[in-house]
Structure formats: C-alpha cells, structure tokens
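Counting starts at 1 for both ligands and their atoms, in listed order.
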Amino acid sequence: MSLVQIREVIPIHKKYFLIKFFSPKIAKRSSPGQFIHIYINNSTSLRRPFSICNVEKSCIYILFKIVGKGTYLLSSKSALEYIDVLGPLGRGFDYKRDYANLEPIFLGGGVGVAPLIFLSQKIKKGIFIAGSRTKKDVFIKKIFNPRGIKIFITTEDGSKGFKGKATDFLKIYLKNNKNKKFIIFACGPWGMYEELSRISRIYPQIEIQVSLERFMGCGIGACCACSIDTYEGVKKVCKDGPVFNLKVLKIGGRLCRNHSFL
Ligand SMILES: Cc1cc2nc3c(=O)[nH]c(=O)nc-3n(C[C@H](O)[C@H](O)[C@H](O)COP(=O)(O)OP(=O)(O)OC[C@H]3O[C@@H](n4cnc5c(N)ncnc54)[C@H](O)[C@@H]3O)c2cc1C
Ligand code: FES
C-alpha cells in the first residue's frame with residue numbers, strides 16, 4: 001500500500017474521467033494490462049480496481065467511467081489529495097514480439113480501451129478498434145491520437161463511425177486482410193470475448209489475449225472473489241490475470257459469464 005498524490009482529475013466526456021497520480025514507484029514497475037487497486041474511502045469499504053491507462057515519467061493515469069458510488073466519489077477527488085493505492089497488480093499483456101511481419105489489433109469496448117492505450121503506446125504500431133453503443137460514448141480521440149496507430153470507431157447504432165460492434169468491424173478487417181499476420185489484444189464486455197471465441201475458430205492461427213474485468217475483493221490472490229474457470233483449472237483474475245490467452249478460458253464456464261459485470 002502507498003499513499004499517492006493526485007495531480008489532476010480531468011473530465012473527458014460525460015461520465016468519463018482521467019486521473020493522473022504522482023507515483024515514481026508504480027510508474028517504474030507498471031506494464032500494460034496491470035491494474036491498481038484504489039481505496040476510495042470508508043463508505044465504499046472494498047478497494048476498486050482500475051487498469052493503468054498510461055505512464056508518463058513519474059506519473060500514472062487511469063481512465064474510468066462513473067457506474068456507482070466508488071467511481072462517483074473518485075471523480076469528485078481533487079488535485080493534491082492523497083489516495084491509498086495498491087499496485088501495480090496482476091499479470092499484464094505478453095506483448096514483446098517481433099512486429100516486423102505481425103500487425104497488432106487493439107480491440108476495446110467502452111472503457112475497456114484503457115489498458116490498450118498504454119499497450120499500443122508501447123508497441124507503437126497497429127490498428128485500434130474502439131467500440132461504443134452510441135456516439136455519446138465516443139471519446140477516445142480526445143485523449144489518444146498517436147502516430148503509427150490507426151483508430152477505427154464503431155457504434156452499435158451507427159451514430160458515429162462504422163455501424164455495428166467492434167467485433168463486426170474486426171471480422172470484416174480480418175476477411176479483407178487474409179495475407180497479413182495478426183495478434184489481437186482485447187478488453188471489453190463478456191459478449192466481446194464470446195464473439196472472439198467464435199472468431200478464433202475461423203482463425204485459429206491468431207493469438208488473442210484478453211483483459212478480464214471482474215468484481216474483486218483483495219486484489220492480491222488472498223480471497224476467491226475473482227475466480228474464473230479455465231482449461232488449466234480455476235484461476236484468480238487479480239493474480240493469474242487480468243490478462244489471459246483466450247484459448248485457456250472456459251468462455252461458457254460456471255465461473256465466467258455469471259460473474260462478469262461489463
Ligand atoms: C482488473 C480490472 C480493471 C478495471 N479497469 C477499469 C478501468 O480502467 N476503467 C473503469 O472505468 N473501470 C475499470 N474496471 C471496473 C471498475 O473496477 C468498476 O467500474 C468499479 O469498481 C465500480 O465501482 P463503483 O463503486 O463505482 O460501482 P459499484 O457500486 O461497485 O457498482 C454499481 C453498479 O454498476 C455495476 N458495475 C460495476 N462496475 C461496472 C462496470 N465496469 N461497467 C458496468 N457496470 C458496472 C455493478 O454491477 C452495479 O450494478 C476494472 C475492473 C477490473 C477487475
Ligand atoms: S480479488 Fe481476492 S483473490 Fe482476486
């Protein structure tokens with residue numbers, strides 16, 4: 001546990017916020033896909049997990065959406081306040097590859113873009129597909145417009161960008177680029193992983209890594225709040241993940257779908 005100072009609370013768009021924390025220790029050790037576990041105050045008791053969205057020198061960023069009391073209270077924090085943070089926690093993306101002939105695809109649903117922003121800035125190459133329900137939830141280009149990465153927006157109602165889900169766009173992209181080799185990094189709702197699982201049957205050669213978001217207690221592997229079924233036995237998302245290779249997950253497993261909150 002360490003007390004870290006909030007440097008900035010940045011309203012992005014409607015219910016979306018970025019928070020910048022000063023923490024040389026966490027910044028130095030963070031890898032894309034890892035998360036921090038924040039104690040907000042005693043009215044929310046349990047800590048709340050958030051992916052590390054970016055690291056800049058001695059500062060880290062998180063990107064979040066207000067969905068309940070904890071995230072609301074977090075959005076009301078001010079610069080210079082101190083906050084109790086555990087991290088970086090978990091196992092992030094296994095991304096160190098030779099990308100000369102390999103195109104990374106970053107597939108984010110809603111606020112699931114957060115860990116992929118950090119990851120894509122490390123890889124500095126590829127395409128980024130950001131899916132939302134409607135244009136009111138499209139905010140990515142306000143915070144992220146890097147060189148070398150092409151961003152595609154999808155909305156389910158077609159109010160901005162491609163009409164359909166991020167995975168619908170992905171299917172077309174893969175079909176139109178059969179000569180290329182891909183690796184997919186994804187973070188989004190459980191339905192996205194079900195669809196990716198179907199896609200992986202058509203393209204078994206493509207490696208797919210997914211970052212899971214589950215209800216968490218301790219965040220360090222000491223309780224079983226985040227247990228999940230895999231073909232390698234029951235795993236803890238906070239310690240063995242949150243990033244898993246899609247092929248090890250029992251997508252329809254007892255401990256999978258029912259406990260996913262996205
Ligand atoms: C490893 C990990 C990384 C995460 N990274 C991020 C991140 O980068 N940005 C981010 O915004 N969130 C992230 N989350 C989710 C985030 O932890 C929750 O949104 C947060 O804990 C909700 O706290 P709360 O007190 O506001 O909501 P609660 O009061 O706990 O819940 C309020 C209501 O919202 C529902 N709910 C809770 N979380 C979500 C959600 N994420 N989406 C939709 N409905 C929800 C609950 O089922 C409940 O009905 C991550 C979760 C995990 C496990
Ligand atoms: S949250 Fe306690 S084991 Fe994962």
Check: Is there a heavy atom in L63 that sits closer than 4.0 Å to ligand 1?
Finding: yes

Check: Cationic tip of R47 within the cone over Y39's six-membered ring, i.e. under 6.0 Å and within 45° of the normal?
Finding: no

Next item on the list: Specify side chain, backbone, both or neither for S51, according to which of its non-hydrogen atoms lie closer than 4.0 Å to ligand 1.
Entry: both

Checklist line | Qualifying residue, where the test is ring-ring contact (aromatic ring centres under 6.0 Å, His included) with F139 and the options are Y16, F64, F17 | finding: Y16

Margin query: Using a plain distance cutoff, I'd like to know if G70 has any nitrogen or oxygen under 3.5 Å from a nitrogen or oxygen of ligand 1.
Written below: yes

Notebook entry, point to check: Between F93 and F185, what is the ring plane arrangement, given parallel below 30°, perpendicular above 60°, and tilted in between?
Noted result: perpendicular

Note to self: Tell me whether ligand 1 is touched by V111 - counting only heavy atoms on the residue side and a distance under 4.0 Å.
What the structure shows: yes

Margin query: Just to check, does F215 reach to within less than 4.0 Å of ligand 1 when the distance is taken from its heavy atoms?
Written below: yes

Notebook entry, point to check: Atoms of ligand 1 less than 4.0 Å from G68 heavy atoms?
Noted result: 24 (P), 26 (O), 27 (O), 29 (O), 32 (C)

Note to self: Using a strict threshold of under 4.0 Å (side-chain N to carboxylate O), is an ion pair present between R97 and D94?
What the structure shows: yes

Next item on the list: Run the numbers for me: atoms of ligand 1, each under 4.0 Å from some heavy atom of T71, listed by number.
Entry: 24 (P), 25 (O), 26 (O)

Check: For atom NZ of K136, is the number of surrounding heavy atoms from other residues, nucleotides or ligands below 6.0 Å larger than 12?
Finding: no

Margin query: Applying a heavy-atom cut-off of 4.0 Å, say which part of R214 lies close to ligand 1: side chain, backbone, both or neither.
Written below: backbone

Check: What residue among F169, F144, F152 forms ring-ring contact (aromatic ring centres under 6.0 Å, His included) with F128?
Finding: F144

Note to self: When you measure from the side chain of D240 to the backbone of K236, do you find a donor-acceptor pair of N or O atoms at a distance under 3.5 Å?
What the structure shows: yes

Check: Which ligand 1 atoms does A114 reach within 4.0 Å, using its non-hydrogen atoms?
Finding: 8 (O)

Note to self: Using side-chain heavy atoms (C-beta onward) and a distance below 4.5 Å, is Y95 in contact with I183?
What the structure shows: no

Next item on the list: With atom 30 (O) of ligand 1 as the reference point, say which of K65, H37, R47, R48 has the nearest heavy atom.
Entry: R48

Notebook entry, point to check: Hey, which atoms in ligand 1 end up nearer than 4.0 Å to a heavy atom of K69?
Noted result: 25 (O), 26 (O), 29 (O)

Item checked: Partner of I140 by side-chain contact (heavy atoms from CB on, under 4.5 Å), out of I153, I12, L63 -> I153

Check: Does K125 NZ have over 12 foreign heavy atoms under 6.0 Å away?
Finding: yes

Notebook entry, point to check: Heavy-atom distance to atom 39 (C) of ligand 1: which of I52, I117, I36, V67 wins?
Noted result: V67

Next item on the list: Using a strict cut-off of less than 4.0 Å between a Lys/Arg side-chain nitrogen and an Asp/Glu carboxylate oxygen, indicate whether E195 and K171 qualify as a salt bridge.
Entry: yes

Check: For ligand 1, which atoms have a heavy atom of F64 less than 4.0 angstrom away?
Finding: 9 (N), 10 (C), 11 (O)

Notebook entry, point to check: Under 2.8 Å from atom 4 (Fe) of ligand 2, protein N/O/S atom count?
Noted result: 2

Check: Within a reach of under 6.0 Å around CZ of R133, are more than 12 heavy atoms found that belong to other residues, nucleotides or ligands?
Finding: no

